[in-house]
Number of protein chains: 2
Amino acid sequence: MCELCDYNLMLEEAGLAPNDNRLRILEVIGANAYPLTAAEIFAVIDRTKPVNRVTVYRILDSLVQRRIVEKISGSSRAAHYGLAPNDNHLPHPHFHCTSCGLVDCLAPETLSVDQDRLMKTFAGEIERVDVRIEGTCRNCLKLKNRT
Amino acid sequence: MCELCDYNLMLEEAGLAPNDNRLRILEVIGANAYPLTAAEIFAVIDRTKPVNRVTVYRILDSLVQRRIVEKISGSSRAAHYGLAPNDNHLPHPHFHCTSCGLVDCLAPETLSVDQDRLMKTFAGEIERVDVRIEGTCRNCLKLKNRT
DNA sequence: GCCGTTATGCAATAAAGTTGCATTCGGGAA
DNA sequence: TTCCCGAATGCAACTTTATTGCATAACGGC
């Protein structure tokens, strides 16, 4: 997703010590082309060097809170985690496959949203506007057609 | 949400017998100003006439499959259910409060999305485009400020 | 080396949803 | 009416995902 980010710096700016586990988790998330579930992230980093899954959950939570990581919840039960929008990394919509649960990133310019009206009239604090496309991914379409 | 809908008709058109439980669930969903969780729907209809929560889940699933009801998953673990877009009821964005988990409906014209580009380029089948606003609702803002 | 803070591990628990199987209901045919 | 079939419901057990509480370990300043 974002090879330009300096995770060390991002952590420090957010007031988090850039320790091994946090960096490894960020690297896994950043290196992947699409957002991963906590279980997937756990599986990857646990293979390299064993870690408790609770630790992964806790680190993910803290990263989400500091807006370093974005938590994307969709139709599949498990939340997916991707790098949050930042200077190197524009906000963008996600595609959710209702068939296999895959979550993918779409190009930022794929879809544009007119937020002005909302911002003016909404009584509450807006943190994030999220566009989600739901449907069937190419792979699942292929599988379906084979039957 | 939608007092104009004829639930009986909608069920029949979808090939579902308009039985008691299905109608009661639809009425609860339709009468409420914002989407409810399965647990909330269960609580309401169970008070009137006892029913098993599995039945509620199963009915909700079938209604979602036939596009009578829309399943809205957000940051809170539980999915919310609202009437799906139809002739009396335009697609519209939802607001998700990250603090209390509330999901609310926004006016359809609050936010507009330009889908054209997406539709042309995306390799897969698109079923639904969803806009979700995340933030803190008025109520939670008030509570926060009181501290 | 000592001490307080922060991070991690482990086990138990929780919340939301799902599955398998048994039972009941409702409506048409005999 | 009675029988029968498929649809609907109930119940208990289970799964998945995430969270909590408490104990231990690692880290950094003094």
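Every chain is numbered from 1 and lettered A, B, ... according to where its sequence line falls, protein lines coming before strand lines.
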Asks: Can you figure out which of D/dA18, D/dT9, C/dG9 approaches the side chain of A/Thr55 most closely?
Replies: C/dG9

Asks: Hey, is the side chain of A/Arg77 pairing donor to acceptor with the base of C/dA16 inside 3.5 Å?
Replies: yes

Asks: Would you kindly give the CD-to-P distance between B/Glu40 and C/dA16, to the nearest whole Å?
Replies: 10 Å

Asks: I want to confirm an ordering. Mapping A/Tyr57 and B/Arg22 to their closest nucleotides on DNA chain D, which one lands closer to the 5' end?
Replies: B/Arg22

Asks: Looking at A/Asn52, does any N or O in its side chain come under 4.0 Å of the phosphate oxygens OP1/OP2 on C/dC10?
Replies: yes

Asks: Please tell me which of B/Val54 and B/Ala17 maps to the more 5' nucleotide of DNA chain D, matching each residue to the nucleotide holding its nearest heavy atom.
Replies: B/Ala17

Asks: Treat each ILVMFWY residue as a node, draw an edge where side-chain heavy atoms are under 4.5 Å apart, and state whether B/Leu26 and B/Ile72 are in one component.
Replies: no

Asks: What's the CZ-C1' distance between B/Arg24 and D/dA8, to the nearest Å?
Replies: 14 Å

Asks: Determine the minimum heavy-atom distance between B/Ser73 and B/His96, stating which atoms define it.
Replies: O-CE1, 4.1 Å

Asks: Within this structure, what is the CG-to-P distance between A/Asp61 and C/dT6, rounded to whole angstrom?
Replies: 18 Å

Asks: Find out whether A/Arg24 and A/Lys49 are in side-chain contact, i.e. whether some heavy atom of one side chain is under 4.5 Å from a heavy atom of the other.
Replies: yes

Asks: Check the hydrophobic clustering (I, L, V, M, F, W, Y; side-chain heavy atoms under 4.5 Å; chains of links allowed) and say if B/Val28 and B/Leu16 are grouped together.
Replies: yes

Asks: Once you apply a heavy-atom cut-off of 4.0 Å, does B/Ala39 come out as touching a base, just sugar-phosphate, or nothing?
Replies: nothing

Asks: Here's a test for you: under side-chain contact (heavy atoms from CB on, under 4.5 Å), which of A/Val51, A/Val56, A/Ile41 qualifies with A/Asp46?
Replies: A/Val51

Asks: C/dT24 P sits how many Å from B/Asn21 CG, rounded?
Replies: 17 Å

Asks: In whole angstroms, how far is the C1' atom of D/dT20 from the CZ atom of A/Arg53?
Replies: 12 Å

Asks: Rounded to the Å, how far apart are A/Leu11 CG and C/dA7 C1'?
Replies: 14 Å

Asks: Between the base of C/dG9 and the side chain of A/Arg58, is there any donor-acceptor pair under 3.5 Å?
Replies: yes

Asks: Is the phosphate of C/dT8 approached by A/Asn19 (side-chain N or O, under 4.0 Å from OP1 or OP2)?
Replies: yes

Asks: How many whole angstroms separate atom CG of A/Leu16 from atom C1' of D/dG28?
Replies: 17 Å

Asks: For B/Asp46 and D/dC11, what is the distance between atoms CG and P respectively, to the nearest whole Å?
Replies: 11 Å

